[in-house]
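First the proteins, then the strands, lettered A, B, ... as listed; each starts at 1. In this text the structure is predicted, and so the values were computed from the model without any measurement.
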Number of protein chains: 2
Amino acid sequence: MQKTVVELEKASHVLKLLGDKTRLTIMAILKQRECCVCELLEVFDMSQPAISQHLRKLKDAGLVKEDKRGQWIYYSLNPQNELYDFIQDILQHVPDQTENIRKIEETNPTLRCGC
Amino acid sequence: MQKTVVELEKASHVLKLLGDKTRLTIMAILKQRECCVCELLEVFDMSQPAISQHLRKLKDAGLVKEDKRGQWIYYSLNPQNELYDFIQDILQHVPDQTENIRKIEETNPTLRCGC
DNA sequence: CATATATATAAGTAAATAGTTATATAATCA
DNA sequence: TGATTATATAACTATTTACTTATATATATG
């Protein structure tokens, strides 16, 4: 398989971002399912601004994109990123997040309003 | 190909270690060639203790092993590490270090004594 | 329009991190 | 044995980081 060679500076920046437990978990969840902030809040024992700040860093690095729908902003992995296959190669080693997604869907914050 | 799934805690710890430019470069060099501290000193604009401290962290995490030969300690990647294939998957995206190895061999610190 | 909800931003803080210099340890060699 | 070389450790410091709480912005809804 053809592997993208990533500039060392860029590679270390991405690895530093993924080198945080919360952000790595967010990325692994977003690989399986787009989420808004309030959904991710169900997974982490952390304030809403903390989640928003992590997503900001991931977005600034282009790892994640946002899709504004009504009052929600849905986050997902950004396949346009030049490092996408590098990131995929990393995420394939990270545990499945079905259990965390179950947690989200149990409470289902987005659907509280019935939309 | 069979991919090892790495505990999230362990994965983020390794990614954090590799998320430093100096350490990532060290790992990429060691993938191509074992080195002692004095050799790595040729590559980085940094003090000897700084390099030693980075190697210590990599060793503590099992990413690197040491082989003491005379007054030198040769560092190399540790293939015994349970995360070895995870690390390889990351390093394959990192630029070739031949240029840095040339720098080392130009001065060739280990061979100054003629051993 | 007033209220509620979702999210972002700002400001502050404690802890972690990556470097520094000084010094200790250990092996080699004259 | 004394000097030199290779490396590690200790102590310190500036910077970065990951949170916190308070507040602002934006959308939806009664």
Counting only side-chain N and O atoms of [X], is one of them less than 4.0 Å from OP1 or OP2 of [N]?
| X | N | answer |
| --- | --- | --- |
| B/R23 | C/dA18 | yes |
| A/H54 | D/dC19 | yes |
| B/T22 | C/dG19 | yes |
| B/S47 | C/dT20 | yes |
| B/K57 | C/dA18 | yes |
| A/R56 | C/dT9 | yes |
| B/S52 | D/dT7 | no |

Measure the distance from [atom1] on [X] to [atom2] on [N] and round it to the nearest whole Å.
| X | N | atom1 | atom2 | value |
| --- | --- | --- | --- | --- |
| A/I73 | D/dT25 | CD1 | C1' | 10 Å |
| A/R69 | D/dA28 | CZ | C1' | 16 Å |
| A/D67 | C/dA6 | CG | C1' | 15 Å |
| B/E42 | D/dT7 | CD | P | 11 Å |
| B/I104 | D/dA6 | CD1 | P | 14 Å |
| A/L17 | D/dA18 | CG | C1' | 13 Å |
| B/E66 | D/dA6 | CD | P | 17 Å |
| A/Q48 | C/dA10 | CD | P | 14 Å |

[X] side chain: which of [options] is closest?
| X | options | result |
| --- | --- | --- |
| A/M46 | C/dT9, D/dT20, C/dA22 | D/dT20 |
| A/K68 | D/dC19, D/dA26, C/dG19 | D/dA26 |
| B/W72 | D/dC19, D/dA6, C/dA6 | D/dA6 |
| B/V37 | C/dT7, D/dA8, C/dT20 | D/dA8 |
| A/P49 | D/dT27, C/dA10, D/dA6 | C/dA10 |
| B/A50 | D/dC19, C/dG19, D/dT7 | C/dG19 |

Please work out if [X] contacts a base, only the sugar-phosphate, or nothing of the nucleic acid, heavy-atom cut-off 4.0 Å.
| X | result |
| --- | --- |
| B/K16 | sugar-phosphate |
| B/K59 | nothing |
| B/Y75 | sugar-phosphate |

- Is the closest side-chain heavy-atom distance between A/C36 and A/I73 below 4.5 Å?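 The answer is no; the side chains never approach within 4.5 Å.
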
- Donor + acceptor pair across side chains of B/Q80, B/Y84 (<3.5 Å):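 Note: B/Q80 and B/Y84 side chains miss the donor-acceptor criterion.
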
- Over 12 foreign heavy atoms within 6.0 Å of CG, B/D45: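 It does not: B/D45 CG has 12 such atoms or fewer within range.
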
- Run the salt-bridge test on B/K65 and B/E34 with the 4.0 Å N-O cut-off and return the result as yes or no.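 Answer for the salt bridge query: no.
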
- Message: Does this structure show an ion pair linking B/E99 with B/K103, if we count only N-O contacts that are shorter than 4.0 Å?
- Response: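 B/K103 and B/E99: not salt-bridged.
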
- Message: One pair to check against side chain to side chain donor-acceptor pair (under 3.5 Å): A/N100 and A/Q97. What are the steps and the verdict?
- Response: CA-CA 5 Å; A/N100 277 330; A/Q97 295 297 312; 2.7 Å; yes

- What about A/Q53, does its side chain sit under 3.5 Å from the base of D/dT20 through a donor-acceptor pair?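 A donor-acceptor contact between them is present.
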
